[in-house]
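Notes for the one structure printed next.
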Protein chains: 2
Amino acid sequence: MTQRKRRLPTTEELRIWRDFIETAEALRSELSSRLQSESSLSPGDYAVMLALSEADGHRLRPSELAATIGWERSRLSHHLGRMEQRGLVRREECATDSRGAEIVLTAGGAEAFRGASIPHLRAVRELFVDALSPGQLTAAGELAAALRGRLAELRAR
Amino acid sequence: MTQRKRRLPTTEELRIWRDFIETAEALRSELSSRLQSESSLSPGDYAVMLALSEADGHRLRPSELAATIGWERSRLSHHLGRMEQRGLVRREECATDSRGAEIVLTAGGAEAFRGASIPHLRAVRELFVDALSPGQLTAAGELAAALRGRLAELRAR
DNA sequence: GGAACATGATTGACGTGTCAATCATTTTCT
DNA sequence: AGAAAATGATTGACACGTCAATCATGTTCC
């Protein structure tokens, strides 16, 4: 086996790669645009509000929130600023650590989230789940696991 | 069969969906950051330059270019502005249609693209192709086709 | 106690993506 | 020819994401 890791992808492998990544992107974009037009929320808003709505008292520290949804803190901070402007969340001071803040889902935010949720889940079913056979769905999960595993391996080094 | 299309995804289906879309996103992000650090090019730059480098005379009309890489014209126009600033491409007037322009890959652009290409392809192999079994690779292609087909169906309506 | 360091979070700068509006040049149609 | 519509492309405004820098508060350790 000569330098397995140094070979370049074949034309066919490259085609699959491009199909895969472009399709994922198209899917993300379609979901995003539906969410936007149906509820004026972005996928980012949705992720933040999902985490908050599942949290105790509809509130979380920014760091916990960032960890939950897998975002960098900086990204979250910018996003929260925009969401706060729109009245979806509120920043409050943290009682136990005065460096920190607490992010609270407002009543309006909770309502917006409730309104967005069902249509969004329906869209996921329509565009993803129902587009695949049961076997393909399983395969999708395994694919994600394999790719994720690979990424984790490399980061570990 | 009662209202098949109106049911919401199950917890398991939702988990797969999230794994899938988040993994694709993580992959995109990792590839992007490697490309950036190795060659100071973004995936967008790369897509544009790949199309140009395969075109006759290393030049294309913006609309053709946009169609080739599947971008909206507005997005392309903004991106070309930034690339032009960096000397990667040049805008020239079009001989046959004075509304139009022609985008030309500069010598510097071509060189940057050549330098980025091999490492990028290696990264695709390492992070995608080599992470999957041959069967999974095939499955990835079929998955993409199924999802793409679904998107096309819906747009056609 | 107080210097050094760690942690929680925000900020600014800048590249990127979308949408709607705009502008100039064809093309079409009568 | 000339008004109307189509086409090629750009622009401005604004949301989003990343990176490096910053700031304030906590923690550690002598």
Roughly how far, to the nearest 0.5 Å, is the CG atom of B/Leu31 from the CG atom of B/Leu35?
7.5 Å

Distance (rounded to the nearest 0.5 Å) between A/Ile21 CD1 and A/Ile16 CD1
13.5 Å

Within one Ile-Leu-Val-Met-Phe-Trp-Tyr cluster: A/Phe128 and A/Leu121, side-chain cutoff 4.5 Å
yes

Whether [Y] and [X] form a salt bridge (side-chain N of Lys/Arg under 4.0 Å from carboxylate O of Asp/Glu) is what I want to check.
X	Y	value
B/Glu126	B/Arg34	yes
B/Asp45	B/Arg86	yes
B/Glu92	B/Arg59	yes

Sugar-phosphate atoms are those with a prime plus P, OP1 and OP2; base atoms are the rest. Using that split, label each nucleotide of nucleotides 22-28 of chain C B, S or - for protein heavy atoms under 4.0 Å, 5' to 3'.
--BBS--

Could you state the [atom1]-[atom2] distance from [X] to [N], rounded to the nearest angstrom?
X	N	atom1	atom2	value
A/Trp71	C/dT10	CH2	C1'	16 Å
A/Glu93	C/dA9	CD	P	13 Å
A/Gln36	C/dT18	CD	C1'	10 Å
B/Ile103	D/dG8	CD1	P	14 Å

Side-chain contact test, heavy atoms from C-beta onward, threshold under 4.5 Å: evaluate it for A/His79 versus A/Trp71 and give yes or no.
yes

Using the ring-ring contact (aromatic ring centres under 6.0 Å, His included) criterion, which residues pair with B/Tyr46? Sequence neighbours excluded.
B/Phe113, B/His120

Could you tell me whether B/Gln36 atom CD has more than 12 heavy atoms of other residues or ligands within 6.0 Å of it?
yes

Kindly indicate, with the supporting measurements, whether the criterion salt bridge (Lys or Arg N to Asp or Glu O under 4.0 Å) is fulfilled by B/Arg150 and B/Glu153.
CA-CA 5 Å; B/Arg150 179 55 136 190; B/Glu153 262 176 52; 3.0 Å; yes

Identify, residue by residue, the members of [range] with a heavy atom below 4.0 Å from DNA chain C, and return them in order of residue number, or none.
range	result
residues 107-118 of chain B	none
residues 72-92 of chain A	A/Arg73, A/Ser74, A/Ser77, A/His78, A/Arg91
residues 39-65 of chain B	B/Ser42

Give a yes or no answer on whether the side chain of B/Ser29 reaches the backbone of B/Glu25 with a donor-acceptor pair at less than 3.5 Å.
no

Are the side chain of B/Thr23 and the backbone N or O of A/Leu147 linked by a donor-acceptor pair below 3.5 Å?
no

Return a table of donor-acceptor pairs under 3.5 angstrom between the side chains of residues 131-140 of chain B and protein atoms on other chains or two or more places apart.
{"residue": "B/Ser133", "atom": "OG", "partner": "B/Gln136", "partner atom": "N", "Å": "3.1"}
{"residue": "B/Gln136", "atom": "OE1", "partner": "B/Ser133", "partner atom": "N", "Å": "3.0"}
{"residue": "B/Thr138", "atom": "OG1", "partner": "B/Pro134", "partner atom": "O", "Å": "3.1"}

